[in-house]
Amino acid sequence: MRLQIGNFPNRLDLSARVVIGGGLGFGSVGLNADQIDGYLARNAVDELKELLQRNRMAVATAQLGPNWNMDGELWEQALEKAEPRLQVLAELGGKVTFSCPNRWPKAVGEAEWEWLVSKFQAYADWVGRYDVDLVFEFLGPQVGRPDPRRIMYPWVMGLDSALELIERANRPNLGLILDVIHWWAGGGTYEDLHKVKGLPMTLHVFDLPEGVDPETMADSDRVLPGEGFIDLVRWLRILKENGYDGDLMPEVLGPRAVDLAEADSWEGPRLVRDVYMQLLEQVEADS
């Protein structure tokens, strides 16, 4: 598996992230629309390629701008703006990321499913013109927990409903961002991880603290591997044994993330590197 840059200090721009990440042995970086536009406003695509190659880095994923909740003219405008970013990503390699609703203000029926599926089919087909995969992140019930006075209905909330969306969309280039907290809070089990075998995929990996309550937990309840109770070695080994050999991104939030965001430009990333490389070494040793 390839360790993606994550939880680096906030002060670092894209170039610094790539240089420091490459120097420390990270293998890939994720991009967003602002990073792509900002870098290419001052540099050529070939310069970005050279920056990545010089530092032995690849592009793992990119968020290009379109969102699931855009429709009509807004959606078309977002695709038009995203086209140059997609062309760049196709040259660099990497997957396009997307998201989906985990709650809805009314009971979800076939009409809602048809609308969402058509959006995912359209976007998967759009990025597929460049032979690019689309991976989306489903959210657990800890995200957007509604006010007691407001009724909200669950939708794509957990692994099984995310897999239903993939099955309904029926696009070979559509897969998942598998995130530890959304998997666990959504009721996922280690055995459930076998269900994602063969899908285009990327991972968001971290630990969850002892004593966290699924009914009251927040999305920020995340700690570094080894500081919580999730058996991440088992989690990753199952995916590895089923053929996954892609990117793994640290995504700690909450107080631990604040410390890392304010850390020294090299020492913070080095700490992240050491923790995650130790985890990957355990996965390899136990395979």
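This chain uses plain numbering: 1 for the first residue, then up along the sequence.
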Holding to side chain to side chain donor-acceptor pair (under 3.5 Å), I want the full list of residues that pass it with Asp247, two or more places apart in sequence or in another chain.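 Checked Asp247 against side chain to side chain donor-acceptor pair (under 3.5 Å); matches are Arg2, Ser28.
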Is there a side-chain contact between [X] and [Y], using heavy atoms and a 4.5 Å cut-off?
X: Arg145; Y: Met217; value: yes
X: Asn173; Y: Val132; value: no
X: Val19; Y: Leu51; value: yes
X: Lys119; Y: Asp71; value: yes
X: Ile20; Y: Ser265; value: yes
X: Glu167; Y: Leu163; value: no
X: Asp179; Y: Glu251; value: yes
X: Leu271; Y: Tyr276; value: no

Distance-only donor-acceptor check, side chains [X] and [Y], under 3.5 Å:
X: Asp219; Y: Gln142; result: yes
X: Glu91; Y: Gln87; result: no
X: Asn67; Y: Trp75; result: no

Does a side-chain N-to-carboxylate-O contact under 4.0 Å join [X] and [Y]?
X: Glu83; Y: Arg129; value: yes
X: Glu110; Y: Arg168; value: yes
X: Lys195; Y: Asp192; value: yes
X: Asp245; Y: Lys240; value: no
X: Arg171; Y: Asp133; value: no
X: Arg270; Y: Asp264; value: no
X: Arg11; Y: Glu262; value: no

So, does [X] use its side chain to make a donor-acceptor pair with the main chain of [Y] at under 3.5 Å?
X: Asp259; Y: Arg256; value: no
X: Asn55; Y: Met57; value: no
X: Glu112; Y: Gly109; value: yes
X: Asn242; Y: Lys197; value: no
X: Asn102; Y: Gly140; value: yes

Which pair of heavy atoms, one from [X] and one from [Y], lies closest together, and at what distance?
X: Pro9; Y: Ala263; value: CG-O, 3.6 Å
X: Leu199; Y: Leu174; value: CD2-O, 4.1 Å
X: Val223; Y: Val252; value: O-CG2, 3.8 Å
X: Gly65; Y: Ala33; value: N-CB, 4.4 Å
X: Thr61; Y: Thr97; value: CB-CG2, 3.4 Å
X: Pro250; Y: Ile5; value: CD-C, 4.5 Å

For Gln4, the option from Thr202, Val29, Leu248 that meets side-chain contact (heavy atoms from CB on, under 4.5 Å):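 Filter result, single survivor: Thr202.
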Phe138 and side-chain contact (heavy atoms from CB on, under 4.5 Å): which single residue from Leu165, Leu178, Ile166 fits?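 Exactly one pass, corresponding to Leu178.
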Would one find more than 12 heavy atoms of other residues, nucleotides or ligands at under 6.0 Å from atom [atom1] of [X]?
X: Gln278; atom1: CD; value: no
X: Leu74; atom1: CG; value: yes
X: Glu80; atom1: CD; value: no

Linked, directly or transitively: [X] and [Y] (ILVMFWY side chains, under 4.5 Å):
X: Leu253; Y: Leu203; answer: no
X: Trp115; Y: Tyr153; answer: no
X: Val135; Y: Val59; answer: no
X: Leu279; Y: Met201; answer: yes
X: Leu31; Y: Ile177; answer: no

Would Val117 and Asn170 count as a side-chain contact (heavy atoms from CB on, under 4.5 Å) here? Give the steps. CA-CA 9 Å; Val117 167; Asn170 191 27; over 6 Å; no
Determine, for Phe8 and Arg17, whether the Lys NZ or Arg CZ falls below 6.0 Å from the six-membered ring centre while staying within 45 degrees of the axis.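 Not flagged: Arg17 not positioned over aromatic ring of Phe8.
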Arg103 to Trp155, cation-pi by 6.0 Å centre distance and 45° axis angle: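 Not satisfied by the 6.0 Å and 45° rule.
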Centroid-centroid distance, Trp183 to Tyr190, less than 6.0 Å: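 Close enough - the centres of the two rings lie under 6.0 Å apart.
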In the hydrophobic cluster built from side-chain contacts under 4.5 Å, what are the other members alongside Val143?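 Taking Ile, Leu, Val, Met, Phe, Trp and Tyr as members, Val143 shares its hydrophobic cluster with Leu139.
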Against Phe136, only a single residue in Phe120, Trp68, Tyr123 fulfils ring-ring contact (aromatic ring centres under 6.0 Å, His included); can you say which?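 Per the ring-ring contact (aromatic ring centres under 6.0 Å, His included) rule, the option paired with Phe136 is Phe120, out of Phe120, Trp68, Tyr123.
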Test Glu137 against His204 for side-chain contact (heavy atoms from CB on, under 4.5 Å), laying out the working first. CA-CA 10 Å; Glu137 184 171 17; His204 292 174; 3.5 Å; yes
Going by side-chain hydrogen bond (donor to acceptor under 3.5 Å, both in side chains), name the pairs with one or both residues in residues 33-45, residues two or more places apart or in two chains.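 Matches after skipping sequence neighbours: Asp37-Arg85.
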Point-to-point distance, once rounded to the nearest 0.5 Å, from [atom1] of [X] to [atom2] of [Y]:
X: Gln121; Y: Leu134; atom1: CD; atom2: CG; answer: 12.0 Å
X: Ser161; Y: Trp113; atom1: OG; atom2: CH2; answer: 6.0 Å
X: Asp231; Y: Asp207; atom1: CG; atom2: CG; answer: 9.5 Å
X: Asn32; Y: Leu64; atom1: CG; atom2: CG; answer: 10.0 Å
X: Ile36; Y: Leu48; atom1: CD1; atom2: CG; answer: 8.5 Å
X: Phe206; Y: Met249; atom1: CZ; atom2: CE; answer: 9.0 Å

